[in-house]
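Shown next, in structure tokens, is the structure this report addresses.
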Amino acid sequence: MTLAARKRVPGRQRFAGIFSGDTATFIALFAGGLLVTAFYRLEWWHNFLFGRSTTDFPAAYGLIAAACAMGWRGLLRRGFVWAEPAQLTWMDFASVDRRRVVAGRLWASWTGVTVTVGYLGALVVAAGRGLDETWAAAAALVGASALLAMATARRTRLPGETAGPLVLAVAGLLVAADGLGPRPVEVLAGVLLAAALVTAFTGDSVSHAGRLTLVEGWNGRLLRAMAVTFVDPMLILPEARPVGWLSLRHPTALRLALAGVAGRSRYFGSALLITIMVGAGRVALPALPGVVLLSLGAFAVLMPFGGGLGELWRNAGRRRWLGTPDRELIVVHGLVFAGLVAVWGVLLALVALWLGVVVPGSSWLALPLAVLAVLRAVARPPINYSVSGGGLMGQALRGPDVLVGGTLVLLLLG
């Protein structure tokens, strides 16, 4: 049997132009050199991350496990399953070519996630002056979780698969709370490896995805590309899914705010993972101020749920149809966001209590700061493209600027 030759779009660079010798090559070399340089300044990193405290490696294991879980959950979104409609229609892609293209993107995404998590884990262990058994346990944890992530991501959606990363993060939290050593971590890695072997033979491969799935993935990728091209991060805010239990026959600002949150309930799992990461990071990296961890964590938790207000704000016709003043919309959504971040704060306090660490009272001021930053980010006017350079970037960073500025003020006051 003769396989069809793989066809490529003329003029498209391989490997995102990294080996082209152009700007992409310069950026790749600069970033790679900067990352490698960090391991030549381990004393500085030790003071920056740990200060004068002794390294709590069980907490570091918990932080690495939470990072592995976040990478695993990112792969489960399967953003690599896409194909251009023009290629599917006019370039006569054979089924074997589709499988190869999708599998190649899977390997590229998996490699990026594994390298990122492995680098962060290696930096923490190296800066903490870990021993050989510490390196072995951390490497086993990252490697086994990476294999499990690959085994699940390469298959079609499995029932309850999103619970897997949360279980891994909770297991890391148990290691951190009980102060376990490298041996239990290696046992955990063995369990993950066994789960990867079982999952590898379950379900169908995503490389056999049909045309409809590939085109839907392409639409999402095109939207992300446009957000980067037009410097508009609000374009990539997630869409809401239908909510059956909440009636919008007589829409009000409160009902729309609740529907915006309920329609994005799939991000509650990510919020729990961020809670564990912030709690473990507070113990594993004691030199990092708590207000920085809380502000970043709360902003990351709330931002996906701001998509409801963002959709209203980008569509003036919907706001006129609703008949609610803009200020009331912002206040109502702000109250709903405040309730969400309050629940998240309670969960974080329970995690911190379980780990035996106290979060300073001034650090909790980062929670209302994150609410203000999210409201400013999603309720902004359309970007004015008549300006360029710093003016355009300032419009794109509307919201994070309040978060950074407020965090600096809290650090100075603290």
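- For Arg155 (side chain) and Ala200 (main-chain N/O), a donor-acceptor pair under 3.5 Å exists by modelled atom type.
- Remark: the backbone N or O of Phe230 is paired with a side-chain donor or acceptor of Tyr385 at under 3.5 angstrom.
- Looking only at distances, a side-chain donor or acceptor of Ser265 sits under 3.5 Å from a matching main-chain atom of Ala262.
- In terms of heavy-atom proximity, Gly62 sits nearest to Ala176 at CA-CB, 4.4 Å.
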Item to check | Steps toward side-chain contact (heavy atoms from CB on, under 4.5 Å) verdict (Val142, Cys68) | outcome: CA-CA 7 Å; Val142 173; Cys68 293; 4.0 Å; yes
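- Salt bridge status for Glu161 with Arg154: absent, with no side-chain N to carboxylate O gap under 4.0 Å.
- Between the side chain of Ser363 and the backbone N or O of Val359 there is no donor-acceptor pair closer than 3.5 Å.
- For Ser109 (side chain) and Leu106 (main-chain N/O), no donor-acceptor pair under 3.5 Å exists by modelled atom type.
- Using a 4.5 Å cut-off on side-chain heavy atoms (C-beta onward), Trp107 and Val102 make no contact.
- Taking every heavy atom of both residues into account, Arg266 and Arg73 meet most closely at O-NH2, 2.7 Å.
- With rounding to the nearest 0.5 angstrom, the CG atom of Leu222 is 10.5 Å from the CG atom of Leu235.
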Checklist entry - Checking side-chain contact (heavy atoms from CB on, under 4.5 Å) for the pair Val278/Leu348: CA distance, chi angles, key distance, verdict? => result CA-CA 8 Å; Val278 173; Leu348 180 59; 3.8 Å; yes
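- Between Asn219 and Leu223, the closest side-chain pair of non-hydrogen atoms is not below 4.5 Å.
- In this structure the side chain of Met277 never reaches within 4.5 angstrom of the side chain of Leu273, judged on heavy atoms.
- Interatomic distance, Leu29 CG to Leu34 CG, rounded to the nearest 0.5 Å: 12.5 Å.
- Side-chain N or O atoms of Ser295 include one that pairs as donor or acceptor with a backbone N or O of Val292 at under 3.5 Å.
- With contacts defined as side-chain heavy-atom distances shorter than 4.5 Å, the pair Leu254/Leu335 does not qualify.
- For the 3.5 Å distance criterion, the side chains of Ser145 and Trp72 fail to qualify, holding no donor opposite an acceptor.
- To the nearest 0.5 Å, the span separating OG1 on Thr114 from CG on Leu147 amounts to 8.0 Å.
- Side-chain atoms of Gln395 come within 3.5 Å of backbone atoms of Asn384 as a donor-acceptor pair (strictly under, hydrogens ignored).
- For the atom pair Leu411 CG and Leu413 CG, the distance stands at 9.0 Å (nearest 0.5 Å).
- Formation of a donor-acceptor pair under 3.5 Å by the Asn47 side chain with backbone atoms of Trp45 is not found in this model.
- Neither side chain, Trp82 nor Thr213, offers a donor N or O lying under 3.5 Å from an acceptor on the other.
- Annotation: side chain of Tyr61 is not in contact with side chain of Pro184 (no heavy-atom distance under 4.5 Å).
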Which pairs would a plain distance check flag for residues 296-314, meaning a side-chain donor or acceptor within less than 3.5 Å of a matching protein atom at least two apart in sequence or in another chain?
residue: Glu311; atom: OE2; partner: Arg264; partner atom: NH2; Å: 3.4
residue: Arg314; atom: NH1; partner: Met234; partner atom: O; Å: 3.3

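- Leu166 CG to Leu272 CG: the interatomic distance, rounded to the nearest 0.5 Å, is 5.5 Å.
- Between Leu288 and Leu285 the shortest side-chain heavy-atom distance falls below 4.5 Å.
- Between Leu180 and Val185 the shortest side-chain heavy-atom distance does not fall below 4.5 Å.
- When atom types are taken as modelled, the side chain of Arg320 and the backbone of Arg318 share no donor-acceptor pair closer than 3.5 angstrom.
- A salt bridge links Arg319 with Asp326; the closest basic N to acidic carboxylate O contact falls under 4.0 Å.
- Atom CG of Leu173 is separated from atom OG1 of Thr275 by 10.5 Å, given to the nearest 0.5 angstrom.
- Heavy-atom minimum distance, Ala195 versus Leu148: C-CD1, 3.7 Å.
- Inter-residue side-chain proximity for Thr229 and Met226 is flagged as met; some heavy-atom pair is nearer than 4.5 Å.
- The two residues Gly71 and Val113 make their nearest non-hydrogen contact at CA-CG1, 3.6 Å.
- His46 contributes no side-chain N or O that, together with a main-chain N or O of Leu42, makes up a donor-acceptor pair within less than 3.5 Å.
- The minimum heavy-atom distance linking Thr162 with Leu76 is given by the pair CA-CD1, 4.3 Å.
- Closest approach of Ala153 and Phe80 over heavy atoms only: O-CZ, 3.6 Å.
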